[in-house]
2 protein chains.
Amino acid sequence: MSEIEDGLPIGQVAEAMGLSVHALRFFEREDLFLRPIPRSAGGRRVYGPEDVEWLLLCNRLRDSGMSIARLKEFARLVRSGPGNEPDRLALLQEHERTVQARIADLDACLVIIHDKVVTYEKHLRDGTAAGLWSPASSP
Amino acid sequence: MSEIEDGLPIGQVAEAMGLSVHALRFFEREDLFLRPIPRSAGGRRVYGPEDVEWLLLCNRLRDSGMSIARLKEFARLVRSGPGNEPDRLALLQEHERTVQARIADLDACLVIIHDKVVTYEKHLRDGTAAGLWSPASSP
DNA sequence: GCTTGACCTAGAGCTCACTCTAGATTTTAG
DNA sequence: CTAAAATCTAGAGTGAGCTCTAGGTCAAGC
């Protein structure tokens, strides 16, 4: 079997997370983990469940647009242990607001885009050119 | 005054759009406009209202995550004039679906993030460490 | 007329977030 | 035991999307 005491090799973690092994090694170089990933006797990374769990949160933060730099800062705070929870909370709250704003922005874009879609659909149904862009013609 | 027959110089368009003049020139090089921007006698760009209107749509498409390459394709379709409306519609519909999916994704992330925020808030109110990450401790 | 600032082109440079390469080592399957 | 697959490190390369520079030209105010 490939698990050593509940630990996973990089390949399996990569597959489970939808990341490349390169990305995982890159994350570690960038100090995005809460600890250096432990190694087997042969020097290979052995990811523990807590590393995987942390990665899951990282994925959510990254997917929602948090930069590597910011995530690194969050990891640093968590690593420095108890006492800086207010800082961690502030960072998370700021990110939450950023994501909310982004969603609102996308919603607004979606309205415009959907409007265009509807206009085109109507045009194609009716065979008219009303409301369509064409070289040198408006809305 | 700075308008020549309802045309705006690059600086004013840039300011109005929240883009740099560099970006506007880049967009033109990349064929993102429906036409080459007309020039004044001295060789300066003079943006017409239709260019600005097109830019507004471009901004929405870009803001909602459409790549330059895709936008270029859309511009090419619109430039090639009437007859390819089904293609334009298909492109817009696909983008609409992409944006919807992105919003759903962000919503899911937001749930996780908000959960973390609430956990930290609760911890800070109660003075407990329950449910918090710390070096070598779970959730 | 002259200074100042906006604008021009072509092209180099930058940031981000990976991604890939080379060359070596380790592990697993047969 | 051997061959193939997975992993290792250090560092170079990539692509998107601008951003900036150099070396000018052009236009407006005094």
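Computation of the quantities below employed the complete heavy-atom set of this structure, encompassing side-chain atoms and omitting hydrogens, waters and symmetry-equivalent molecules. Quick note on labels: first sequence line is chain A, next is B, and so on, each numbered from 1.
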Strand-adjacent residues in residues 58-73 of chain A, judged by heavy atoms under 4.0 Å from DNA chain C |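 Those residues whose heavy atoms fall under 4.0 Å from DNA chain C, taken from residues 58-73 of chain A in numerical order, are R62(A), S67(A), I68(A).
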Heavy-atom protein contacts under 4.0 Å, nucleotides 3-11 of chain D, coded B base, S sugar-phosphate only, - none | ---BSBB--
Partner residues of R35(A) under the salt bridge (charged side-chain N to carboxylate O under 4.0 Å, His left out) criterion, sequence neighbours left out =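 R35(A) satisfies salt bridge (charged side-chain N to carboxylate O under 4.0 Å, His left out) with E50(A), D51(A) only.
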For H114(A), enumerate each residue passing the side chain to side chain donor-acceptor pair (under 3.5 Å) test, keeping only those at least two apart in sequence or located in another chain.
->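 Partners of H114(A) under the side chain to side chain donor-acceptor pair (under 3.5 Å) test: E96(B).
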Who passes side chain to side chain donor-acceptor pair (under 3.5 Å) against R76(A), sequence neighbours left out?
->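 So R76(A) forms no side chain to side chain donor-acceptor pair (under 3.5 Å) with any residue.
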Rounded interatomic separation in angstrom, taking [atom1] from [X] and [atom2] from [N]:
{"X": "L19(A)", "N": "dC20(C)", "atom1": "CG", "atom2": "P", "answer": "14 Å"}
{"X": "L32(B)", "N": "dC18(D)", "atom1": "CG", "atom2": "C1'", "answer": "12 Å"}
{"X": "E30(B)", "N": "dA16(D)", "atom1": "CD", "atom2": "P", "answer": "10 Å"}
{"X": "E28(B)", "N": "dG17(D)", "atom1": "CD", "atom2": "C1'", "answer": "17 Å"}

Whether F74(B) and W54(B) hold their rings parallel, tilted or perpendicular, with breakpoints at 30° and 60° =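 Rings of F74(B) and W54(B): parallel, as their planes differ by under 30°.
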F26(B)/H22(B) under side chain to side chain contact (heavy atoms under 4.5 Å, CB included): CA gap, chis, key distance, verdict | CA-CA 6 Å; F26(B) 169 74; H22(B) 303 293; over 6 Å; no
Which pairs, protein N/O on one side and nucleotides 1-4 of chain C N/O on the other, fall under 3.5 Å?
none

What residues form a side-chain contact (heavy atoms from CB on, under 4.5 Å) with [X], not counting sequence neighbours?
{"X": "E94(B)", "answer": "R70(B), R97(B)"}
{"X": "R45(A)", "answer": "I10(A), R25(A), E28(A), I37(A), R39(A), Y47(A)"}
{"X": "P86(B)", "answer": "L124(A)"}
{"X": "D31(B)", "answer": "R79(B)"}

For the side chain of F26(A), starting at C-beta, report the closest nucleotide among dA17(C), dC18(D), dA27(D).
->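 It is dA17(C).
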For residues 12-24 of chain B, which residue pairs qualify under salt bridge (Lys or Arg N to Asp or Glu O under 4.0 Å), counting only residues two or more places apart or in two chains?
->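 Passing the test, one end in residues 12-24 of chain B: no pairs.
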Can you give each donor-acceptor pair under 3.5 Å made by side-chain atoms of residues 99-109 of chain B, sequence neighbours left out, with the distance rounded to 0.1 Å?
unit_1, atom_1, unit_2, atom_2, d
R102(B), NH1, D63(A), O, 3.1
R102(B), NH1, D105(B), OD2, 3.1
R102(B), NH2, D63(A), O, 2.8

